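The structure under discussion appears below in the form of structure tokens.
All figures in this text were calculated on a predicted structure; none of them were measured in a lab.
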Amino acid sequence: MGKQLVLISHGRLCEALKESTEMIMGPQENIHTVALLPEDSPEQFQDKFEAVIQNLDEYIVCCDLMGGTPCNVVAKMIMTGTNIDLYAGMNMPMVIEFINSTMVDQEPDLINSTKNNIIHVNEVIATSDDDEDE
């Protein structure tokens, strides 16, 4: 089955992130989503999360926000002994890093990939304009 990615979030952000990433990278059968909906309690969210991961052997979890309910539910599972790699601050560069690394059978470097994709575009434009002036 290979390494899997589970995206978790408040609302349907995780589902939209998967769909948006698929616009660029194509369909991704190894990416799963679990949305915390307004009517869900933390326990209901945990039940939905456990249902998604029950048949996954090797997976990484990315959540939207450190300290939010989705993150806290999974963090509590980690603290009670469940072996889960959990990353907060999920974004499209992180998901694309996961996809690209699994395509070449390497471990994803989610943190550095994300950091390297935070760019102040105005500075890039200004630098580009300066280069053209020379």
Side-chain angles (χ1 to χ4, degrees):
M1 181 178 244
K3 189 167 273 193
Q4 307 285 304
L5 180 63
V6 181
L7 306 176
I8 62 174
S9 67
H10 294 85
R12 300 195 183 278
L13 175 65
C14 58
E15 295 167 1
L17 178 57
K18 179 183 180 195
E19 289 173 14
S20 295
T21 303
E22 289 179 327
M23 287 178 63
I24 297 167
M25 304 298 290
Q28 300 297 315
E29 308 246 341
N30 60 342
I31 299 178
H32 314 272
T33 62
V34 184
L36 172 67
L37 302 177
E39 63 270 14
D40 292 338
S41 68
E43 294 78 20
Q44 290 169 315
F45 176 80
Q46 183 169 344
D47 290 344
K48 291 192 316 187
F49 177 77
E50 288 176 344
V52 167
I53 66 167
Q54 74 179 352
N55 295 319
L56 304 180
D57 294 326
E58 191 177 359
Y59 60 93
I60 294 171
V61 178
C62 293
C63 65
D64 57 350
L65 182 66
M66 178 71 179
T69 298
C71 183
N72 291 347
V73 166
V74 176
K76 186 176 180 182
M77 293 172 67
I78 293 167
M79 291 186 296
T80 58
T82 306
N83 185 18
I84 300 172
D85 281 331
L86 174 62
Y87 294 85
M90 73 178 181
N91 56 46
M92 191 177 291
M94 186 181 277
V95 177
I96 291 173
E97 168 67 16
F98 172 83
I99 294 166
N100 286 335
S101 66
T102 53
M103 286 173 41
V104 296
D105 200 28
Q106 292 182 347
E107 282 297 310
D109 188 356
L110 302 180
I111 293 174
N112 283 323
S113 177
T114 299
K115 286 180 183 178
N116 293 336
N117 278 285
I118 299 172
I119 299 166
H120 186 207
V121 175
N122 297 62
E123 290 179 18
V124 173
I125 293 169
T127 302
S128 176
D129 288 343
D130 290 344
D131 290 344
E132 288 177 11
D133 292 339
E134 293 177 9

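By the 4.5 Å heavy-atom criterion applied to side chains, Leu56 and His32 are counted as neighbours. Inter-residue side-chain proximity for Asp85 and Tyr59 is flagged as unmet; no heavy-atom pair is nearer than 4.5 Å. The shortest distance between side-chain heavy atoms of Ile96 and Thr21 falls below 4.5 Å. Put simply, the side chain of Met25 does not reach to within 4.5 Å of the side chain of Ile31, judged on heavy atoms. Phe49 has its side chain within reach of Met77: a pair of non-hydrogen atoms, C-beta onward, lies under 4.5 Å apart. Side-chain contact check for Asp57 versus Gln4: every heavy-atom pair is 4.5 Å or farther apart.
The shortest heavy-atom contact between Glu97 and Asp109 is OE2-N, 3.0 Å. Taking each heavy atom of Leu7 and Cys14 in turn, the nearest pair found is O-CB, 3.5 Å. When all heavy atoms of Pro108 and Phe98 are compared, the pair lying nearest together is CB-CA, 4.1 Å. Taking every heavy atom of both residues into account, Cys62 and Met94 meet most closely at SG-SD, 3.4 Å. For Leu65 against Cys71, the heavy-atom pair with the smallest separation is O-CB, 3.3 Å. Between Gly68 and His10, the closest heavy-atom pair is CA-CE1, 3.7 Å.
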Please assess Gln28 against Thr102 for the test side chain to side chain contact (heavy atoms under 4.5 Å, CB included), listing each intermediate value before the final yes or no. CA-CA 11 Å; Gln28 300 297 315; Thr102 53; over 6 Å; no

Between Met92 and Ile24, does the side chain to side chain contact (heavy atoms under 4.5 Å, CB included) criterion hold? Intermediate values first, please. CA-CA 10 Å; Met92 191 177 291; Ile24 297 167; 3.5 Å; yes

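Of the candidates Val52, Asp40, Val73, Val52 is the only one forming a side chain to side chain contact (heavy atoms under 4.5 Å, CB included) with Val34.
With 3.5 Å as the limit, one finds a donor-acceptor pair spanning the side chains of Gln46 and Glu50.
Under a 3.5 Å cut-off, the side chain of Gln44 and the backbone N or O of Ser41 do form a donor-acceptor pair.
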